[in-house]
There are 6 protein chains.
Amino acid sequence: MHTLNELIELALKEDIGSGDITTDATVSPDTDGTGDVIAKDDFILAGLDVARNVFTCLDPQVFFSTTFKDGAIVKTGQIVFSVQGKLCAILKAERTSLNFIQRLSGIATLTRTYVDRLKESNVRIVDTRKTTPGWRVLEKYAVKIGGGSNHRTGLFDGVLIKDNHISACGGIRTAVDRARKRIHHLVKIEVEVTDMAELAEALSAGADVIMLDNMTRDQIRKAVKKINSRALVEVSGGVNLDNLAQLAETGVDFISVGALTHSAKSVDMSMKIRNH
Amino acid sequence: MHTLNELIELALKEDIGSGDITTDATVSPDTDGTGDVIAKDDFILAGLDVARNVFTCLDPQVFFSTTFKDGAIVKTGQIVFSVQGKLCAILKAERTSLNFIQRLSGIATLTRTYVDRLKESNVRIVDTRKTTPGWRVLEKYAVKIGGGSNHRTGLFDGVLIKDNHISACGGIRTAVDRARKRIHHLVKIEVEVTDMAELAEALSAGADVIMLDNMTRDQIRKAVKKINSRALVEVSGGVNLDNLAQLAETGVDFISVGALTHSAKSVDMSMKIRNH
Amino acid sequence: MHTLNELIELALKEDIGSGDITTDATVSPDTDGTGDVIAKDDFILAGLDVARNVFTCLDPQVFFSTTFKDGAIVKTGQIVFSVQGKLCAILKAERTSLNFIQRLSGIATLTRTYVDRLKESNVRIVDTRKTTPGWRVLEKYAVKIGGGSNHRTGLFDGVLIKDNHISACGGIRTAVDRARKRIHHLVKIEVEVTDMAELAEALSAGADVIMLDNMTRDQIRKAVKKINSRALVEVSGGVNLDNLAQLAETGVDFISVGALTHSAKSVDMSMKIRNH
Amino acid sequence: MHTLNELIELALKEDIGSGDITTDATVSPDTDGTGDVIAKDDFILAGLDVARNVFTCLDPQVFFSTTFKDGAIVKTGQIVFSVQGKLCAILKAERTSLNFIQRLSGIATLTRTYVDRLKESNVRIVDTRKTTPGWRVLEKYAVKIGGGSNHRTGLFDGVLIKDNHISACGGIRTAVDRARKRIHHLVKIEVEVTDMAELAEALSAGADVIMLDNMTRDQIRKAVKKINSRALVEVSGGVNLDNLAQLAETGVDFISVGALTHSAKSVDMSMKIRNH
Amino acid sequence: MHTLNELIELALKEDIGSGDITTDATVSPDTDGTGDVIAKDDFILAGLDVARNVFTCLDPQVFFSTTFKDGAIVKTGQIVFSVQGKLCAILKAERTSLNFIQRLSGIATLTRTYVDRLKESNVRIVDTRKTTPGWRVLEKYAVKIGGGSNHRTGLFDGVLIKDNHISACGGIRTAVDRARKRIHHLVKIEVEVTDMAELAEALSAGADVIMLDNMTRDQIRKAVKKINSRALVEVSGGVNLDNLAQLAETGVDFISVGALTHSAKSVDMSMKIRNH
Amino acid sequence: MHTLNELIELALKEDIGSGDITTDATVSPDTDGTGDVIAKDDFILAGLDVARNVFTCLDPQVFFSTTFKDGAIVKTGQIVFSVQGKLCAILKAERTSLNFIQRLSGIATLTRTYVDRLKESNVRIVDTRKTTPGWRVLEKYAVKIGGGSNHRTGLFDGVLIKDNHISACGGIRTAVDRARKRIHHLVKIEVEVTDMAELAEALSAGADVIMLDNMTRDQIRKAVKKINSRALVEVSGGVNLDNLAQLAETGVDFISVGALTHSAKSVDMSMKIRNH
């Protein structure tokens, strides 16, 4: 929550800097008004809280109201939210607020598209660490709102042993043993494997979760059979909307999709002011 | 530059938090290594400086090298840059560094696509304030690297009088007069107009730049003729790769494109470690 | 606004540090009181907002009241403002609050003296970047309150090409061309010139504003004639209250005066407490 | 020291903001150069360290050199200091650096004028808390460089019981007793008195230092006699260059002068660049 | 006060980080509740304010109530304080709040034990600078609450010349003279001495306070006699509960005890939630 | 790492504040020297890095050397570490540096005492969240150095469902189910139980780790038998050096001990300066 405030302050500073010279010159500081934010797309809404925080960070007297909750389907032309208060504050915060909610709603909307492809299945779509720097918590929240699940938050709350770690310490077993010894007892260990030999080693080392990296569907199926519920199974790499359903049928538990956060487009909204 | 450091620190904190438990458990703090970042796409490169800063922010001893400069065309399979130093630092900074450069290169690459459509023309593609909060300066830099031009940086270094300002103060002339009186003498005044009547008023009020908002090509042509070089002309709204060339032929000076920053996808790269 | 808060916090910290040991030892934390700030000089008032913010930053419960607005003429003996609340908070913030408003009122008062000399004229008195580090926005605000106009805020919102830039890039034309190409289209270009040859080059390069640096009145008159409304004209250097009116008669648009901010004296006020 | 860095960063941010658009457009980032700062006045120099820090804060590679030390007398036309390095960094930091050293040298120079009037005497000129907010430590340093002495740094490192404290707690004796009981044993207690009755009470309460506030010279002389070395004596209020010598002859130990910091003018310097 | 907020934020961040995943998963954000903090020990209470601030820093709507004041004796089983509000906020702040108040109460309780040994005497127990880094002001406050007195807050508000300073500048007299000349006139000078020769030099140099370091009781008695009220006397080193009373009988003014802050144990409390 | 720097800066600021007036007055800024830190106790050393960082944070030129590593046994009289450089910097950082390393070594030393009691056993001693606010990472590090293991770092990297959570959401099963659904797949779930009924429910809900809270040894033995390796087992509450060995014999995996961090005493060291 603290980190979010830092990002909001950074964002307001970079936009307003030494002052909004247009608004300060043309709008009287005493003028009240209402801004209605209108959807220009159909989308899954995410980010109402941060959108509100941007306004209240600039002026705690701005009153924010909405008929929606995060996760709602919004249709073109609907009013997403309204803000009421000093027009100067509303106009200064407008762009920054919209930049936040448009991006987060874009992520939620894209995630929903992925999740909808797996309706019949228990497989979970999970995000990755390929998020916009500074936005980790926000973007992971948007993924959840879109129906996806989160992977670990960062490097601190889950062990994921990758090829580079393995080569650096001389083998999967060594890596897993070292991790087991040094991490606390509420964290699980995931190991990334690329073939059946590595898989065998990871299983015998006692990995809690196996990540099958860039494998073909056939390899995945074989791997799932071999694992046989001794560990959770995650698929990673080369996932897209076209092969998603087929990947899900292989019996894995999780499919991770970097595109949810690194390639989502912003949805479109715009604010219309009513003077009082 | 200071703001960038704040963003990098925010980004490293959100990813590393209380520690990279995988690397700390599996890789000795004394192990040296080299990481090569390899292109998995063709793209226009942007963000080498920030990519390097992420590593040196974590460990000033990491040595960064590259054969490219920002703006270069990178082909799939080429080494974008290499980092050499303590493996622990390299592994901790890897994801954050790549998250920066992949997004910035994505923006530069998309911008280049737009710019290439206007090769024969003097019309400039310009960005907007629809940037990722916290990333304003970075994303505007990437637009420039891609061959685009920048619009004002934020609310502080240019006057852009929009519909909401006009209705708040009672008319275009009043708005322009107030701005002229209150701003310092090195800033120009741009006015957004949506029809010929507003255009006439803006011109007579002495606007330095006219923004034609969401007009048809016919309207734009008529407006350009009317303006007759008394002001610079910018087109905004509804721009895409398909109508870009035709818009450029109307005689305007600038075409602003929000998509450059709000809808670019990250390009793909990955790091491969060589132990020493 | 944010930057102002940083300065206020810095100022309160440097004065209060680990605690106001006198007040904490002698005044009970429950004692209420009112402090009246009394003018010991005649002056133009500037800085009521920041004076209030210092108190409310320390204790949001302090109630601030005044019969004046910034820009008012205050006479010796009048009550500038009053604060009511916990005496401890009032005593701790008193000196810092007064240090702000006394200095800002000093700048407004000095500016008014300059402006009054030009009553009959349309020439504008403008400030410079010779402000107290940390105080840029505050001091420029005080200049405005005193009837002056602002020059650019800083290096970011206006191009001013000076002798050092010209010599570094090989000539006025090159400098102007480079600037025109790289800056966005809402910023104007000002060029500093010291003789008629430079003036000719600046005009032909298309400078929007010309700064005549340290010229004699005769030179200035000649330059104004030569410029002939093709650019705005600013005079800089060697300006004082004695030659101001004569400079204004030369036909220039702006006269910039560093002394407004770098050599203003604080006006005198003091606080008197009434216990409740 | 930390606080100083905060002020320097604040100052650089307020001037450079999103970038020095003139320098970035006209000067190549690779160009080296030397800037010589030349005195345009005679003055006592103060602030070399902070002037250097401004440059190195922006670019640690800038090399700073000078033949002077703080406290030196600098004559018009002399080179105060030189900086060598990337021209871009030098031009961006120039104004902020000069704004610091010009103001501090102004304070040192004014202080020296006061101190010189007391050459024959042992009386010390001391400063007050009427300093520029954010600049406390810097300005007190400049006073010392000018030959003055410092009073307490802030509210935290000395007890000064004033009229408002006395009325709030019901009398001088109560105030002194409470302070004695609550402060630690390395801090002295000063009491402000305005007449002989208060003086008597302060002495009998055991004040370590007596401040004679706004008394006539006759009253001061009487007070000094009465105190008879049982406490140190400070005179405050209504001090100026004209009555300074006479005040010193009354036998007091300290004369405090708010004007040293709240009404000093900046001295004049300017930077001249030599390209390499 | 500001510094305390920084420490509270640091503490909440280190505990909550990217989120309290247990509470967020199991407790609805709308659930209200009351938490009663119950004493599991007998102790002197210290730190109610900071305990409350931790909760309100996280959620200003949490209502804090208590029947105690700092300094009260709390018995096992009593309710120390209660907090009422959103259960989520209460659960997230609980541990941090208790960690503060348990440690501060531990210090107050230990201090009281020392102070109680000196009931009949006027000698004051004072703390040292051997405090927990980041906690200086808090721990010195707890010492006061326990009945002890504070020594100087830090290096800035009192001169204490120790062996290392003396050897660095060549003797006690030189050290005292230099200090007298450079410090302001509201700070006293204390000198640490280890034998009678040093004591003689310190006295003749005019030290305001003498610290007898690691002397035997006989030496102390002799020193006190020699000092003969010309300076305050502090004993330091080797103090414990067993020799405290005897040290007090030597006639010294202050006995400083590092253990008050560097070796106090936390007292025990725990929170019990009542759902609404 | 970043958080540590914040704590070090906080600590230096609270001690040095506006300046070390003793050192600045008595020691020339040019004087070099060496400080040897000597052990006055036998202890397990922990905190060399932070001790060094305090010095280099103040002056990067201070050279730090030691013959020990964290975890070493240090004997009374040995030199723990030495610092060489400007005497002023060394004297200013001395107390803060020692305050850190003395406390951390105290924790490591106390932890070792606990660990030594379990030499023959595989049971791990783990710490708790009862750490000094601001010191979480440091103190957990010291526990590790002393031979203990860490529990979760904070609320963010492990699920621990306690009585308050259970009552808030209506039962152990609901709590575990909700957690399982909302947390990511690399975090384990621990449930605190106080009797056999709760234990049965936690096991059937699929808890990964069971915390037996304040049970008798008999109950613990029964619980371990019932759990039968289906979950890891942690004992908490009422642990001390006397019952530790017996608790270990019950077959549990972890024993958590709050005293390691909330009740450790600092070990004793002091610095002796050699001038150069």
Side-chain angles (χ1 to χ4, degrees), chain E residues 3 6-8 10-11 13-28 31 33 87 91-92 95-96 99-100 102-103 129-137 153-157 159-161 164-165 167-169 175 178-179 181-183 187 262-263 265-266 271-273 275, chain F residues 3 6-8 10-11 13-28 31 33 87 91-92 95-96 99-100 102-103 129-137 153-157 159-161 164-165 167-169 175 178-179 181-183 187 262-263 265-266 271-273 275:
Chain E
T3 304
E6 284 180 66
L7 182 60
I8 290 177
L10 213 62
K13 271 190 201 171
E14 75 182 2
D15 196 29
I16 301 179
S18 50
D20 175 352
I21 58 179
T22 308
T23 300
D24 286 344
T26 60
V27 181
S28 153
T31 308
L87 214 44
L91 289 170
K92 287 173 190 181
R95 184 73 269 138
T96 299
N99 285 347
F100 272 109
Q102 291 180 234
R103 175 165 181 77
R129 287 169 48 241
K130 296 180 177 176
T131 53
T132 309
W135 285 61
R136 177 68 51 85
V137 168
T153 313
L155 297 167
F156 54 87
D157 64 343
V159 172
L160 174 43
I161 298 172
N164 288 326
H165 301 105
S167 71
C169 77
R178 285 194 190 169
K181 199 172 147 216
R182 296 189 193 169
I183 61 169
V187 170
H262 72 54
S263 293
K265 297 183 177 188
S266 291
M271 178 179 281
K272 206 74 205 170
I273 295 291
N275 300 327
Chain F
T3 304
E6 283 180 66
L7 182 61
I8 290 177
L10 213 60
K13 269 190 204 169
E14 74 182 2
D15 196 29
I16 301 179
S18 50
D20 176 353
I21 57 178
T22 308
T23 301
D24 286 345
T26 60
V27 182
S28 154
T31 308
L87 213 44
L91 288 171
K92 286 173 189 179
R95 184 73 268 136
T96 299
N99 284 348
F100 272 109
Q102 290 180 232
R103 175 163 181 80
R129 286 169 49 241
K130 294 180 178 177
T131 53
T132 309
W135 285 62
R136 178 68 51 86
V137 168
T153 313
L155 297 166
F156 54 87
D157 66 342
V159 172
L160 174 44
I161 297 172
N164 288 326
H165 300 105
S167 72
C169 78
R178 285 194 189 168
K181 198 170 148 217
R182 297 189 191 168
I183 61 170
V187 170
H262 71 53
S263 295
K265 296 183 178 189
S266 291
M271 178 177 282
K272 207 73 204 169
I273 295 290
N275 300 326

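Convention: sequence-line order gives letters A, B, ...; per-chain numbering from 1.
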Interface residue of largest heavy-atom contact number with chain E, from Gly134(F), Ala175(F), Gly154(F), under 4.5 Å: Gly134(F)

Non-hydrogen atoms of chain E under 4.5 Å away: do they reach the side chain of Ile16(F), the backbone, both or neither? both

Gap separating the OG1 atom of Thr96(F) from the NZ atom of Lys130(E), nearest 0.5 angstrom: 13.0 Å

Arg178(E) side chain to Ala25(F) main-chain N or O, any donor-acceptor pair under 3.5 Å? no

Among the options Ile161(F), Thr31(F), Leu160(F), pick out the one with the most heavy-atom pairs lying under 4.5 Å from chain E. Leu160(F)

Chain E contacts, top residue of Ala11(F), Pro133(F), Ser18(F) (heavy-atom pairs, under 4.5 Å): Pro133(F)

Assert top hit (heavy-atom pairs under 4.5 Å, partner chain E, pool Gln102(F), Lys181(F), His262(F)) equals His262(F)

If you take all heavy atoms of Leu155(F) and Lys92(E), which pair is closest and at what distance? CD1-O, 3.8 Å

Bottom line for Lys272(F): the part with an atom under 4.5 Å from chain E's heavy atoms is both

Side chain from CB out, backbone as N, CA, C, O: work out which of these in Leu87(E) comes under 4.5 Å of a heavy atom of chain F, or both, or neither. side chain

Between the CG atom in Leu7(F) and the CH2 atom in Trp135(E), the distance rounded to the nearest 0.5 Å is 11.0 Å

Rounding to 0.5 Å, atoms OG1 (Thr131(E)) and CZ (Arg103(F)) come to a distance of 11.0 Å

Could Arg129(F) and Asp15(E) be called an ion pair, given the rule that one side-chain N must be under 4.0 Å from one carboxylate O? yes

Measure distances from Ser167(F) to the heavy atoms of chain E and classify the residue's part below 4.5 Å as side chain, backbone, both or neither. both

Pairs of heavy atoms under 4.5 Å with chain F: top-ranked of Thr132(E), Leu91(E), Ile8(E): Thr132(E)

Region of Thr23(E) in contact with chain F, defined by heavy-atom distances below 4.5 Å: both

Looking only at non-hydrogen atoms, find the nearest pair between Ser266(F) and Ser263(E) and report the distance. N-OG, 3.8 Å

Out of Ile273(E), Asn99(E), Ile183(E), Val159(E), return the one with the most heavy atom pairs under 4.5 angstrom to chain F. Asn99(E)

Measuring heavy-atom distances to chain F, does Arg136(E) have an atom under 4.5 Å in its side chain, in its backbone, in both, or in neither? both

Given Ser28(F), Ala179(F), Gly19(F), Cys169(F), the one with more heavy-atom pairs under 4.5 angstrom with chain E than any other is Gly19(F)

Not counting sequence neighbours, which residues clear salt bridge (charged side-chain N to carboxylate O under 4.0 Å, His left out) with Arg95(E)? List them please. none

Please round to the nearest 0.5 Å and tell me the distance separating atom CZ of Arg182(E) and atom CG of Asp24(F). 9.0 Å

Find the distance between CZ (Phe156(F)) and OG1 (Thr22(E)) and round it off to the nearest 0.5 Å. 12.0 Å

Is there side-chain contact between Glu14(E) and Val137(F), with heavy atoms separated by less than 4.5 Å? no

